[in-house]
Q: 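Structure provided below as C-alpha cells; questions to follow.
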Protein chains: 2
Amino acid sequence: MTFNELIQLEGLVVEKAKTEPVFRQGDNNQSLYFLQSGLLKAYYTCVDGKEFIKSFVMPGDTIGSLTSVHAKERCSFSLMCLEPSSLIEIPFVKIREHCAKDPELAQHMIEFLLQFSMKKEKREFQLLCLSAKDRYTLLLEESPQLLQQVTQNDLARYLGVTPVGLSRIKNRVLKA
Amino acid sequence: MTFNELIQLEGLVVEKAKTEPVFRQGDNNQSLYFLQSGLLKAYYTCVDGKEFIKSFVMPGDTIGSLTSVHAKERCSFSLMCLEPSSLIEIPFVKIREHCAKDPELAQHMIEFLLQFSMKKEKREFQLLCLSAKDRYTLLLEESPQLLQQVTQNDLARYLGVTPVGLSRIKNRVLKA
DNA sequence: ACTGGTCATTACCTTAGGTTAAGCGCTATG
DNA sequence: CATAGCGCTTAACCTAAGGTAATGACCAGT
C-alpha cells in the first residue's frame, strides 16, 4: 500500500475557513493532517502570551503533533488556517496498524520520517547558526512566494524576531 | 529482529581517543553510530570558522548525518569525541536492507525515527521560543551532569551564545 | 620549574533587537 | 460614507548580547 492509498482508505476530508483552528496547544489530538490546498501555520503560545511560529504548512505537506499522537502527551503547538484549507485527517493509530500489517507501507513511513527529520534538522541549523537577517535572506531565496502569502507579523514570528524588528531587517537588506 | 540484534550482526566496533573525529562536515559518510561509552559533540562549522554545537551524544544514543546517509549529500556537521569513546558503526544501507526484509525491524526503525523527531522538535522549540538564559536554566534542571562533563566553551556553543556570554548568564542566574 | 595552551572571568565598547507609540493606507462592516 | 480594525513603517529610547582584549587559574609536556 502507498501513502495515497492509505489516505483514500482511512482519510476524512475536513474543510476549514481562514483563521479556524485545526487543533490547539494542550489538545489531545490523535491524527495527522495532509494538506490538499490552502495554508496553515503551526505555532507555540508561551506563558506570557507571545506567539512563535514553528512552521508554515503548504499543500502536499503532512503535519501533526508527534508528542500528542505518539507520546500520548498533549499537543505542544497549535495549528491554524491562514487561508481556506482542505485537509485530510488520518487517525495515527490507523497508520500504525496498517504499517504493522503492510511492509510496503512501513517502508514509506520510514521514508516519510527520514524526510521529516531532515526538515527539522535544517530548521534547527538555521535557528542555531544563522542571524535573523540571514534567515530572512535565505527565505527570500528559497521560498519567495511565502512572503506574498503571509503577513509580516507571522513572518517575523517565524524568523524569531518581532514585526518591528523584521521591518528594520528588510530595510537593512534593501539598502545593502 | 531487534536493533540490538542488528548491531550484533552488522556493527563494527570503533574505538576513538579524545579529540578524535568520527566524521567531518563535508565528508561522505554512510553510517550510523551507536555510542556505547564516552561522549561526543556534533557541531557545525560556519564559513567564518565559528562553531555551533548541534547536540551532545551520550552513551545509548545513535547518531549520523541524515543528509549524508539518506539524501546522498555531504555531512552537514562534524562529529568529534570529547572523551575516549567506544562506538559501533553500522552502514546505513545495511539498516535499510534489513528493514526491507524484516517487518519487525521496520517497526523498530519507525519507533526510533519517531523518538528522534520528537527530540529534534524539542530542540527546535527551545531555540525558537527560549532565551539563552532560559535554555541554560532548563539544561541545569534536566541534565546537570552534562555541565560537569563539557567545557563552558562547548556549552556556550550549544546554547547559542559565546563563552563570554555564558559566563555572564551564569552570574545573572546565580544572583537571582 | 618553566612554558605554552586551554578555560573562565572581567571590563569596555558596539550593535541588534525589544518596547512603546505614533502615523498612514487599505478594507470590511455598520 | 464613516469608522473601526488591521497591517506595515518609522522613530525614540532602552536592554541584552556580542566583539575584543586583558587577566588569572590551571594543567600537561618538555
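No hydrogens, no waters, no symmetry mates; every other heavy atom, side chains included, goes into these values. Proteins get letters first, then strands, A, B, ... in listed order; numbering begins at 1 in each.
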Q: Distance check: side-chain N/O of A:K170 vs OP1/OP2 of D:dT9, anything under 4.0 Å?
A: yes

Q: Assess the residue pair A:F125 and B:F52 against the criterion (ring pair (Phe, Tyr, Trp, His ring centres under 6.0 Å)); give the C-alpha distance rounded to whole Å, side-chain angles, the decisive distance to 0.1 Å, and a yes or no.
A: CA-CA 9 Å; A:F125 165 78; B:F52 294 90; 8.3 Å; no

Q: Please tell me if B:K50 has a side-chain N or O lying less than 4.0 Å from either OP1 or OP2 of D:dG19.
A: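 True: B:K50 side-chain N/O within range (under 4.0 Å) of D:dG19 OP1/OP2.
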
Q: Just the rounded figure in Å: distance from P of C:dT6 to CZ of B:R157.
A: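 The answer, rounded to whole Å, is 11 Å.
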
Q: Rounded to whole Å, please give me the gap between CD in B:Q148 and P in C:dA8.
A: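 So the CD-P distance, B:Q148 to C:dA8, works out to 12 Å.
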
Q: In whole angstrom, give the distance that lies between atom CD1 of B:I169 and atom P of C:dT9.
A: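 Between P of C:dT9 and CD1 of B:I169: 12 Å.
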
Q: On the six-membered ring of A:Y43, is A:K54 placed so that its NZ or CZ lies under 6.0 angstrom from the centre and within 45° of the ring axis?
A: no

Q: Select from B:V150 and B:R168 the residue whose nearest nucleotide in DNA chain C is closer to the 5' end of that strand.
A: B:V150

Q: From CG of B:L166 over to P of D:dG19, roughly how many Å is that when rounded to an integer?
A: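 The answer, rounded to whole Å, is 14 Å.
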
Q: Go through D:dG7, C:dC7, C:dG17 for me and flag the one nearest to the B:T151 side chain.
A: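 Of all the options, the side chain of B:T151 is nearest to C:dC7.
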
Q: What is the separation between atom NZ on A:K18 and atom P on C:dA28, rounded to the nearest whole Å?
A: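 Computing the A:K18:NZ to C:dA28:P distance gives 9 Å.
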
Q: Angle between ring planes, A:H108 versus A:F3, binned at 30° and 60°: parallel, tilted or perpendicular?
A: tilted

Q: Specify the separation, in whole Å, of atom CG of A:L159 and atom C1' of C:dG17.
A: 13 Å

Q: Determine: side-chain N/O of B:Q152 to OP1/OP2 of C:dT9, distance under 4.0 Å, yes or no.
A: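 So the side-chain polar atoms of B:Q152 do come within 4.0 Å of the phosphate oxygens OP1 or OP2 of C:dT9, strictly under.
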
Q: So, does A:N171 get its side chain near the phosphate of D:dT9, meaning an N or O under 4.0 Å from OP1 or OP2?
A: no

Q: Given the structure, check if the side chain of A:R172 and the base of C:dG17 hold any donor-acceptor pair shorter than 3.5 Å.
A: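 A donor-acceptor contact between them is absent.
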
Q: Roughly how many Å is it from NZ in B:K133 to P in D:dG18, rounded to a whole number?
A: 14 Å

Q: Do A:R24 and A:D27 meet the salt-bridge criterion of a basic N to acidic O distance under 4.0 Å?
A: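 Not counted as a salt bridge, because no side-chain N and carboxylate O are separated by less than 4.0 Å.
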
Q: Could you check whether the rings of B:F56 and B:Y158 sit parallel, tilted or perpendicular, using 30° and 60° as the cut-offs?
A: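 If you compare the ring of B:F56 with that of B:Y158, the planes turn out tilted.
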
Q: For C:dG18 and A:T162 - does any side-chain N or O of the residue sit under 4.0 Å from the phosphate oxygens OP1/OP2?
A: yes

Q: Considering every strand and a 4.0 Å limit on heavy-atom distances, what is the contact class for B:V161: base, sugar-phosphate, or nothing?
A: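 If one applies the 4.0 Å heavy-atom cut-off, B:V161 turns out to touch the sugar-phosphate alone, with no base involved.
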
Q: Would you indicate what A:S167 reaches in the nucleic acid, counting non-hydrogen atoms under 4.0 angstrom: base, sugar-phosphate, or nothing?
A: base

Q: Side chain of A:N153 only, heavy atoms from C-beta on: which candidate in D:dG7, D:dT20, D:dT10 is closest?
A: D:dG7

Q: Would you mind classifying the nucleic acid contact of B:A132 as base, sugar-phosphate or nothing, using non-hydrogen atoms under 4.0 angstrom?
A: nothing

